[in-house]
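The shown structure was predicted, so the numbers you read here are calculated from the model rather than taken from an experiment.
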Amino acid sequence: MDKVQRMTREYGVVIFSKSTCCLCYAVSILFQDLGVIPYVYEIDHDPQGKEVENALMRMGCNNALLPLVFIGGKLVGSTNEVMSLHLKGSLIQLIKPYMSV
């Protein structure tokens, strides 16, 4: 759990992902297109990935709903929540402090 909390505090936009997940890739590309370089943590590429998955579940996240996106240390949600915010125009306001342009 410490690793998850440290990552979400240290980086503005964190995406917990699996390398084989097309939705994870799409959400990552969305952020890049909006001018944010997210920190993408590939759960399946880290030997401690299972521990991170368990920590996310203890935080109330359902790992079946990858990607899991945190902005400014707060859980935003998965693809549905991110896309809903984007379509409403609210995502830009959340990521503005982390935009590189």
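- Lys3 and Glu10 are not joined by a salt bridge, as no carboxylate oxygen comes within less than 4.0 angstrom of a charged side-chain nitrogen.
- Enclosure of atom OH in Tyr25 is not indicated, since only 12 or fewer non-hydrogen atoms of other residues, nucleotides or ligands lie within 6.0 angstrom.
- Nearest heavy atom pair, residue Glu42 against residue Ser19, reads OE1-N, 2.7 Å.
- Note that CG of Leu65 and CG of Leu56 are 11.5 Å apart. Values are rounded to the nearest 0.5 Å.
- In this structure, Val40 is not a member of the same hydrophobic cluster as Leu23, with clusters built from ILVMFWY side-chain heavy atoms closer than 4.5 Å.
- Between Tyr98 and Ile37, the closest side-chain pair of non-hydrogen atoms is not below 4.5 Å.
- In this structure the side chain of Val69 reaches within 4.5 angstrom of the side chain of Ile71, judged on heavy atoms.
- Counting all heavy atoms, side chain and backbone alike, Ser78 lies closest to Pro67 at OG-O, 2.9 Å.
- Between Tyr11 and Phe70, the gap from one ring centroid to the other reaches at least 6.0 Å.
- To the nearest 0.5 angstrom, Glu51 atom CD is 12.0 Å from Ile43 atom CD1.
- The shortest distance between side-chain heavy atoms of His86 and Glu81 does not fall below 4.5 Å.
- Atom CG in Leu91 sits 6.0 Å away from atom CG in Leu30 (nearest 0.5 Å).
- With a 4.5 Å cut-off on side-chain heavy atoms, Leu34 and Ile92 count as touching.
- Met99 and Ile29 sit in two unconnected hydrophobic clusters of ILVMFWY residues. Membership requires side-chain heavy atoms under 4.5 Å apart, directly or through other members.
- Side-chain atoms of Ile15 and Val27, non-hydrogen and from C-beta on, do get closer than 4.5 Å to each other.
- With a 4.5 Å cut-off on side-chain heavy atoms, Val13 and Leu94 do not count as touching.
- Proximity of Tyr41 to Val4: side-chain heavy atoms (C-beta onward) are nowhere separated by under 4.5 Å.
- Proximity of Leu68 to Val14: side-chain heavy atoms (C-beta onward) are nowhere separated by under 4.5 Å.
- Put simply, NZ on Lys18 and NE2 on His45 are 11.0 Å apart, with the number rounded to the nearest 0.5 Å.
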query: Should Phe16 and Met7 be marked as a side-chain contact (heavy atoms from CB on, under 4.5 Å) after you check the CA-CA gap, both sets of side-chain angles, and the distance that decides it?
result: CA-CA 10 Å; Phe16 290 92; Met7 279 189 277; 3.7 Å; yes

